[in-house]
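Structure first, then comments.
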Amino acid sequence: MPELPEVETVRRGLLAHLQGRRIRSVRVLHDRAVRRHLGGADDFQRVLAGRTVADVRRRGKYLWWVLDDDDAVLAHLGMSGQFRVGSAPNPDPAGHPHLRIRFAFDDDGPGLDFLDQRTFGGMTFAPGGAELPAAIAHIARDPLDPMFEPASAIGAVRRKHTGIKRALLDQTVVSGVGNIYADEALWRARTHFERPTDRLTRAQAAAVLAAATDVMTQALAAGGTSFDALYVNVNGESGYFDRSLNVYGRADQACPRCGTPIRRSAFMNRSSYWCPRCQRPPRA
DNA sequence: CAAACTACCTGACTGC
DNA sequence: TGCAGTCAGGTAGTTT
């Protein structure tokens, strides 16, 4: 499940692979991969052919390739999207069920494939979007952005009238945090996921955001988190931060801090993992 | 206007 | 063995 550290790992791989290369052809093999591109698959293929990739940037879980003429192409990995260098894992498009988009380049070097099992990911052309594609103008800066302002994010959290985990997952408040790192950050900050944002002190909100920043920084250094083959870098390799997770996916196992069994609770049609001793629930 | 809810997807896994 | 049900979950659009 790609969150900020995984997307940043992919961004770095894409930059190394794509910078300065001219796209020769694009083949869309599944319409859903370009569902946000209004012109459809044919237009997507046509508009990208002949364009040169100058840079690869990221905000939160979105990344975009900067093209010539100030245009860009925006991508989101969704739940299971992957960019893979070369013709791996299968040179025959028809032979790989998850291949969605295939890129070839003028230099006859390795191609690039976008694969996506669950099809929540996708790409769209973003005219004039080199600096920031208009489609993601509503996405807040993420904690690894040099322009990220903690005081601003703290204020945004405390202005919400909801639980702290919903605020962490709200990409207009702070971006890049998904279910895994939200649970890890809340455990580190000893904060229950339902604690009301409008009753957090500035120091409490700051502690949660600092914990999110720390855990994502450490995960990035480890190459990201992976539980299975769904998340991999552009070379198909998994990160190893899953060995460092303290609560996520560890229901009934001992809390690394106090030994109390970790709980799993239903939350927003998914799960929250938390320590009932370190993270006391708010009064009802 | 903001918060909450739902649809969108496929494959691995569980229980009968 | 087969099959229905559950779970994984980010985002956009809809409803409250």
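Everything numeric in this text was worked out from a predicted model, so none of it was measured. The sequence lines fix the lettering, A, B, ..., with proteins before strands; numbering per chain opens at 1.
Distances from the side chain of A:Ser271 to the nucleotides B:dT10, C:dG10, C:dA8 place C:dA8 closest. Of all nucleotides listed (C:dA8, B:dC9, C:dG10), B:dC9 comes nearest to the side chain of A:Thr119. When distances are taken from the side chain of A:Tyr62 to each of C:dA12, B:dC9, C:dG10, the shortest belongs to C:dA12. Here C:dA12 is the nucleotide among C:dG10, C:dC7, C:dA12 with the atom lying nearest to any side-chain atom of A:Arg36.
Among the atoms of the strands shown, only primed sugar atoms or phosphate atoms (P, OP1, OP2) are found under 4.0 Å from some heavy atom of A:His138. Nucleic acid contact for A:Phe267: none, since no nucleic acid atom lies under 4.0 Å from a heavy atom of the residue. A:Asn269 comes within 4.0 angstrom of a base, heavy atoms only.
Salt-bridge annotation for A:Asp113 and A:Arg100: absent, with no side-chain N of the basic residue lying under 4.0 Å from a carboxylate O of the acidic one.
Qualifying salt bridge (charged side-chain N to carboxylate O under 4.0 Å, His left out) partners for A:Arg24, counting only residues two or more places apart in sequence or in other chains: A:Asp108.
When the side-chain nitrogen and oxygen atoms of A:Arg118 are compared with OP1 and OP2 of B:dG11, none of them lie within a distance under 4.0 Å. Note on A:Arg264: a side-chain N or O is less than 4.0 Å away from OP1 or OP2 of C:dA8. Residue A:His98 has no polar side-chain atom (N or O) positioned under 4.0 Å from OP1 or OP2 of B:dT10.
Going from atom NZ of A:Lys61 over to atom C1' of C:dA12 covers 14 Å, rounded to whole Å. In this structure, A:Asp31 places its CG atom 17 Å from P of B:dC8, rounding to the nearest Å.
Ring planes of A:Phe44 and A:His37: perpendicular class, angle over 60° (limits at 30 and 60°). Using the six-membered ring where Trp is involved, A:Phe114 and A:Phe83 have ring planes that are tilted, between 30° and 60° apart.
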Next item on the list: Step by step, work out the ring-ring contact (aromatic ring centres under 6.0 Å, His included) result for A:Phe193 and A:Trp187.
Entry: CA-CA 9 Å; A:Phe193 60 97; A:Trp187 178 83; over 10 Å; no
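An aromatic stack links A:Phe120 and the base of B:dC8, using centre distance under 5.5 Å and interplanar angle under 30°.
Map A:Met268 and A:Arg100 each onto its nearest nucleotide of DNA chain B; the residue landing nearer the 5' end is A:Met268.
For CZ of A:Arg257, the number of neighbouring non-hydrogen atoms (other residues, nucleotides, ligands) closer than 6.0 Å is greater than 12.
Shown for residues 159-178 of chain A: residues whose heavy atoms fall under 4.0 angstrom of DNA chain B, namely A:Lys160, A:His161, A:Thr162, A:Arg166.
None of A:Arg158, A:Lys160, A:Arg159 except one satisfies the side-chain contact (heavy atoms from CB on, under 4.5 Å) rule with A:Thr197; the exception is A:Lys160.
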